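Working notes for the structure below.
What you see is a predicted model; the values in this text were computed from it and never measured.
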Amino acid sequence: MSDDIAQALAFIESATLNPIDVGLYSRAAVLPGGRDRGKCLGEPGQDGAATIGATLVSVLANLTRQNRTDVANSLEFASRYAAHEAGADDHTAAYWTEFKKCILRLGWFKLEDQWFNDFIDGQMTRAENFSDYVIDNIRGDPLYPSSEREAIILALQSLRSHPEKCVFFRRFTAGGSKGSFGVNSATVTNGTLSMRFSAFTFNCNAVVYDYLIFNIKNIKADVGKNTVNIAANQEIIDLIRRQLEHKLDQAAGDYIDSVDI
């Protein structure tokens, strides 16, 4: 066993995951087919999407069933780990820093990682809400190829048009005057599974009830954005999958919800 695999297994064993009380959906309903999280990301041959904690992930049609499961497993584990480690800072950059640290210990390696800062004055922007702001940002972001950009935007538009799914996502993304959420794309390029994601943090001058649909015309906010490009070491992911899934199943509560695109 290589040192990288041994270290990943040891990390999984020692990690503490944040438990979530059962909310809108039961775990049994959210994880069909023997608790396979990948099925929440749709069928191979079709684009799919789901919210996993504070992340909205879109996967392209070229992901296999196993690819989809590995993406969902990694994102849920990193989300639960980051929520526990960040504690009260779960709607700030501290959460996403812990999220990245975790996922890079689960068989993924970093290709790109950048932070940006911005400021929003609701009286001066054409965006009606923070999801409008994110959509405009993703449209102009060179990190994403056009196919991934389109999938992210379609997923975000679909999510915010379904009130019950907004309520579910809100549990992980809204913290009064502070909120955050990530958008993520996954694809396979030259046989390698890869993910790109943008994490947005919002520090507002007033309470925001919902960071997808709440009108921000009277809101001012400092915005942070972290863009990350990672790729999978499939050998490590294959060899740690069983232990990672066992650890996830020990954490109670629902964390994932499919999104139609």
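A side-chain donor from one of Asn67 and Thr64 sits under 3.5 Å from a side-chain acceptor of the other. In summary, the side chains of Gln243 and Glu245 do not present any donor paired with an acceptor at a separation below 3.5 Å, with no hydrogens or angles considered. Using a 3.5 Å distance cut-off with no hydrogens or angles, the side chains of Asp4 and Ser2 do not pair a donor with an acceptor. Asp113 and Asn226 form a side-chain donor-acceptor contact under 3.5 Å, judged by distance and modelled atom types alone. With no hydrogens or angles considered, no side-chain donor-acceptor pair links Asn18 and Glu85 at under 3.5 Å.
Residue Gln234 places its CD atom among more than 12 non-hydrogen atoms of other residues, nucleotides or ligands, all under 6.0 Å distant. Atom NZ of Lys217 has more than 12 neighbouring heavy atoms from other residues, nucleotides or ligands inside a 6.0 Å radius. Taking a 6.0 Å sphere around CD of Glu13, one finds it holds 12 or fewer heavy atoms contributed by other residues, nucleotides or ligands. The environment of Gln157 atom CD is dense: over 12 non-hydrogen atoms of other residues, nucleotides or ligands sit within 6.0 angstrom.
The closest donor-acceptor contact from the side chain of Ser161 to the backbone of Ser158 lies under 3.5 Å. Side-chain atoms of Ser79 come within 3.5 Å of backbone N or O of Leu75 as a donor-acceptor pair. In terms of modelled atom types and a separation under 3.5 Å, the side chain of Thr92 and the main chain of Ala94 share a donor-acceptor contact. With Asn62 contributing its side chain and Val188 its backbone, the two residues share a donor-acceptor pair below 3.5 Å. Side-chain N or O atoms of Thr97 include one that pairs as donor or acceptor with a backbone N or O of Ala93 at under 3.5 Å. Between the side chain of Ser74 and the backbone N or O of Val71, no donor-acceptor pair lies under 3.5 Å. Remark: side-chain polar atoms of Arg149 are paired, donor with acceptor, to backbone N or O of Ile138 under 3.5 angstrom. Judged by distance alone, with hydrogens and angles left aside, the side-chain atoms of Arg65 form no donor-acceptor pair with the main-chain N or O of Pro44 at under 3.5 Å. For Asn205 (side chain) and Lys220 (main-chain N/O), a donor-acceptor pair under 3.5 Å exists by modelled atom type. The closest donor-acceptor contact from the side chain of Asp47 to the backbone of Ala61 lies under 3.5 Å.
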Candidate pair Trp108 and Ile237, rule side-chain contact (heavy atoms from CB on, under 4.5 Å), full reasoning: CA-CA 8 Å; Trp108 298 84; Ile237 288 177; 3.8 Å; yes

Run Ser194 and Ile230 through side-chain contact (heavy atoms from CB on, under 4.5 Å) and show every step you take. CA-CA 6 Å; Ser194 63; Ile230 59 177; over 6 Å; no

Any chance you could lay out the side-chain contact (heavy atoms from CB on, under 4.5 Å) test for Ile5 and Leu9, step after step, and finish with the verdict? CA-CA 6 Å; Ile5 295 169; Leu9 290 170; 4.0 Å; yes

Show your reasoning for whether side chain to side chain donor-acceptor pair (under 3.5 Å) applies to Ser131 and Asn129. CA-CA 6 Å; Ser131 59; Asn129 46 55; 2.7 Å; yes

List the steps, then state whether salt bridge (charged side-chain N to carboxylate O under 4.0 Å, His left out) holds for Lys178 with Asp89. CA-CA 9 Å; Lys178 292 183 179 180; Asp89 292 327; 5.6 Å; no

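Ionic pairing of Arg196 and Asp141 is not present here: no N-O contact between side-chain nitrogen and carboxylate oxygen is shorter than 4.0 angstrom. Under the 4.0 Å criterion applied to side-chain N and carboxylate O atoms, Glu43 and Arg68 are not assigned as salt-bridge partners. Taking the charged nitrogens against the carboxylate oxygens, Arg160 and Asp132 do have a contact shorter than 4.0 Å, which makes a salt bridge. Ion pairing between Glu76 and Arg37 holds under the 4.0 Å rule for side-chain N and carboxylate O. Using a cut-off of 4.0 Å between Lys/Arg side-chain N and Asp/Glu carboxylate O, Asp118 and Lys225 are scored as not salt-bridged. Salt bridge status for Asp257 with Lys165: present, with a side-chain N to carboxylate O gap under 4.0 Å.
Note: the hydrophobic cluster containing Val208 does not contain Tyr95 (ILVMFWY, side chain heavy atoms under 4.5 Å, direct or indirect links). There is a path of hydrophobic side-chain contacts, each under 4.5 Å, that joins Val57 to Leu104. Residue Ile152 is not grouped with residue Leu60 when hydrophobic side chains (ILVMFWY) are merged at heavy-atom distances under 4.5 angstrom, including chains of intermediate members. Side-chain heavy atoms closer than 4.5 Å link hydrophobic residues (I, L, V, M, F, W, Y) into clusters, and following such links, possibly through other members, connects Leu193 to Val59.
The aromatic rings of Phe172 and Phe168 sit perpendicular, their planes meeting at an angle over 60°, well past the 30° parallel limit. Using cut-offs of 30° and 60° on the angle between ring planes, the pair Phe99 and Phe197 is perpendicular. The aromatic rings of Phe202 and Tyr133 sit perpendicular to each other, their planes meeting at more than 60°, with 30° as the lower class boundary.
Looking only at side-chain heavy atoms (C-beta outward), Leu159 and Leu56 come within less than 4.5 Å of each other. Side-chain contact between Leu63 and Leu41: absent, with no pair of heavy atoms (C-beta onward) separated by less than 4.5 Å. No side-chain heavy atom of Glu164 sits less than 4.5 Å from a side-chain heavy atom of Val167. Proximity of Ile236 to Ile240: side-chain heavy atoms (C-beta onward) are separated by under 4.5 Å at one or more points. Here the side chains of Arg126 and Asp136 are in contact, with some heavy-atom distance below 4.5 Å. With contacts defined as side-chain heavy-atom distances shorter than 4.5 Å, the pair Leu248/Asn73 qualifies. The side-chain heavy atoms of Glu128 and Ile216, taken from C-beta on, include no pair separated by under 4.5 Å. Contact of the Leu156 side chain with the Val134 side chain is registered, since non-hydrogen atoms from C-beta on lie closer than 4.5 Å.
Residues that satisfy the side-chain hydrogen bond (donor to acceptor under 3.5 Å, both in side chains) test with Asn218, not counting sequence neighbours, are Gln123. Take Ser180 and apply the side chain to side chain contact (heavy atoms under 4.5 Å, CB included) test, not counting sequence neighbours, and it matches His91, Trp96, Thr201. By the side-chain hydrogen bond (donor to acceptor under 3.5 Å, both in side chains) test, Ser58 pairs with no residue at all, sequence neighbours left out.
Residues Ser198 and Tyr144 approach most closely at OG-OH, 2.7 Å, considering heavy atoms. When every heavy atom of Phe130 is checked against every heavy atom of Ala221, the shortest pair comes out as CZ-CB, 4.0 Å. Nearest approach of Ile261 to Ala151, heavy atoms of both residues: CD1-O, 4.4 Å. Nearest heavy atom pair, residue Met195 against residue Ala186, reads CG-CB, 3.8 Å. Nearest heavy atom pair, residue Ala155 against residue Val259, reads O-CG1, 3.7 Å. Taking both residues in full, the closest heavy atoms of Ile219 and Ala206 are given as CD1-CB, 3.9 Å, listed atom of the first, atom of the second, then distance.
Taking the ring centre of Tyr255 as origin, the terminal cationic atom of Arg80 falls inside the region bounded by 6.0 Å and 45° from the ring axis.
Each of Tyr209, Phe181, Tyr211 was scored for a side-chain contact (heavy atoms from CB on, under 4.5 Å) with Arg170, with one residue passing: Tyr209.
To the nearest 0.5 Å, atoms OG1 (Thr125) and CD1 (Ile120) are separated by 6.0 Å. Note: Leu111 CG to Asn229 CG = 4.5 Å, rounded to the nearest 0.5 Å.
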